[in-house]
Amino acid sequence: MGNRITGTTTLLGLLGYPTKHSKSPLMHNISFEALSLDYVYMAFDVEDGHIKEGLDALRTLHAKGGNITMPHKTKVMEYLDDVSPEAKIIGSVNTIKIDDNNKIIGYNTDGLGFVKSLEENKVDFKGKKIVIVGAGGAAKAVASQLAFEGAGEILLFNRTLSSAGLIADNINKNIAGSRARALVQDEARLLEEIKDAAILINATSLGMEETMDQSIISSADQLPRNIFVADLIYDPAETKLLRIAREAGCKYMNGLMMVIWQGAIAFKIWTGKDMPLDIVKKEIFGR
Ligand code: NAP
């Protein structure tokens with residue numbers, strides 16, 4: 001790859017802390033190479049409190065954009081020249097584009113990535129009841145994007161009720177026609193509410209690492225067979241929740257295509273080209 005970088009190569013940068021586990025540099029650089037695009041994508045560790053300097057550095061180096069990750073996704077908005085209407089309502093930015101006048105525009109492609117992966121699975125969500133468990137950054141992006149795109153009722157269950165309440169209030173206030181409600185996480189109530197829902201989404205970190213043996217639902221018995229189950233986690237590829245969904249005979253997906261699509265949408269914002277998804281899936285994720 002080094003041989004293709006010349007004096008004219010355009011820089012894109014990931015700003016976050018830490019960035020070393022990110023798959024974004026691989027995803028984008030493999031795609032630039034496959035499409036013979038003269039760009040390079042680098043990850044830069046920018047510590048909390050230093051995002052303004054990170055943005056100034058990208059401007060100074062005439063970079064054309066990049067991604068923003070934890071812990072800067074909200075704070076960065078103060079320093080941008082413009083923010084897409086969707087990202088403004090979601091309240092966080094994960095993608096930036098720097099135009100020819102060195103103005104920086106922010107976008108959020110996380111929720112869109114999730115919607116694209118639902119569409120790939122031919123899941124109809126317009127006007128339907130959707131149950132989300134979790135109320136962190138990912139839940140907020142996914143719930144808001146589903147509301148933008150015409151979901152029916154959105155229920156947000158969370159261990160900490162106040163975080164779910166803030167997301168539901170924000171959606172109801174800012175997205176016309178939306179109906180969002182917050183509930184405290186409780187399995188009996190969750191099982192009741194999913195009986196007439198089209199989609200169940202796990203947007204908590206339950207199912208990862210030390211909580212690998214845990215799930216928002218404990219058995220396949222009460223999972224309606226016609227509900228689509230989505231877990232935002234992609235490592236492990238099959239969480240306990242997805243195993244339960246498989247055993248119940250439900251259709252389901254993990255978070256892999258969400259992460260790939262959020263990157264693919266950003267790639268299109270910078271280059272105007274479609275990311276070669278098959279190459280990315282195979283080369284980076286072995287799928
Ligand atoms: P976050 O902002 O830290 O939020 C974490 C959420 O998980 C909160 O709702 C938290 O509840 C809940 N939670 C954590 N531990 C829990 C437990 N033991 N029991 C019940 N709830 C628990 O994280 P995030 O960025 O939203 O990420 C959430 C998940 O989505 C992670 O698994 C992450 O890997 C995944 N994700 C996937 C993608 C993708 O592209 N596929 C993108 C982003 C995130 P409290 O509010 O009560 O603390």
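Numbering of residues begins at 1 and proceeds along the displayed sequence. For ligands, and for the atoms within them, numbers begin at 1 and follow the listed sequence. Everything numeric here is computed off the predicted structure, so don't read it as measured data.
- Not counting sequence neighbours, the partners of Phe32 by the ring-ring contact (aromatic ring centres under 6.0 Å, His included) test are Tyr39, Phe267.
- Residue contacts with ligand 1, taken as heavy atom pairs separated by less than 4.0 Å, involve Met208 solely via side-chain atoms from C-beta onward.
- Between the choices Thr204, Thr109, Leu232, the shortest heavy-atom distance to atom 31 (C) of ligand 1 belongs to Thr204.
- Between Asp56 and Lys52 there is a salt bridge, with a side-chain nitrogen of the basic residue lying less than 4.0 Å from a carboxylate oxygen of the acidic one.
- Polar contact with ligand 1: present for Gly255 (N/O pair, distance under 3.5 Å).
- Of the listed residues (Leu37, Ile98, Asn67), just one forms a side-chain contact (heavy atoms from CB on, under 4.5 Å) with Trp270, and that residue is Asn67.
- Remark: of the listed residues Ile199, Val131, Val229, Val133, Val131 is the sole one forming a side-chain contact (heavy atoms from CB on, under 4.5 Å) with Ile194.
- A salt bridge between Lys129 and Asp196 is present, with a side-chain N of the basic residue lying under 4.0 Å from a carboxylate O of the acidic one.
- Shown here is Lys251, whose NZ atom has no more than 12 heavy atoms of other residues, nucleotides or ligands within 6.0 Å.
- In this structure, Lys116 does not pair ionically with Glu120, as no charged nitrogen and carboxylate oxygen lie closer than 4.0 Å.
- With ligand atoms numbered from 1 in the order given, ligand 1 contributes 40 (O) to contacts under 4.0 Å with heavy atoms of Val259.
- For atom 47 (O) of ligand 1, the nearest non-hydrogen atom from the set Thr160, Ile216, Val133 comes from Thr160.
- For ligand 1, the polar-atom distance check finds no N/O of Tyr234 at less than 3.5 Å from any of the ligand's N/O atoms.
- Electrostatic pairing of Lys240 and Asp213 does not count as a salt bridge here, judged by no charged N lying under 4.0 Å from a carboxylate O.
- For ligand 1, the atoms lying closer than 4.0 Å to a non-hydrogen atom of Ala135 are 9 (O).
- Counting only heavy atoms, the protein gets under 4.0 Å from atom 16 (C) of ligand 1.
- Within the listing of ligand 1, atoms 24 (P), 25 (O), 26 (O), 27 (O), 30 (O), 43 (C), 44 (C) sit less than 4.0 angstrom from a heavy atom of Ala138.
- Near Gly137, meaning under 4.0 Å from one of its heavy atoms, ligand 1 places the atoms 2 (O), 26 (O).
- With 3.5 Å as the limit, one finds no donor-acceptor pair spanning the side chains of Glu47 and His50.
- Of the protein's non-hydrogen atoms, the one nearest atom 46 (O) of ligand 1 is Asn158 ND2, 2.8 Å.
- For atom 41 (N) of ligand 1, the nearest protein heavy atom lies closer than 4.0 Å.
- Of the candidates Ala203, Gly263, Gly111, Gly136, the one placing a heavy atom closest to atom 28 (C) of ligand 1 is Ala203.
- At a threshold of 4.0 Å, the pair Lys73-Asp110 counts as salt-bridged, since one of the basic side-chain nitrogens sits closer than that to a carboxylate oxygen.
- Of the protein's heavy atoms, Ser205 OG, 3.2 Å lies nearest to atom 14 (C) of ligand 1.
- Ligand 1 does not have Thr211 within reach: every non-hydrogen atom of the residue lies 4.0 Å or more from it.
- Within a 6.0 Å radius of OH in Tyr79, other residues, nucleotides and ligands contribute more than 12 heavy atoms.
- Within ligand 1, the atoms closer than 4.0 Å to a non-hydrogen atom of Gly134 are 9 (O), numbered from 1 in the order shown.
- Distances from atom 48 (O) of ligand 1 to the heavy atoms of Glu209, Gln262, Arg159 put Arg159 nearest.
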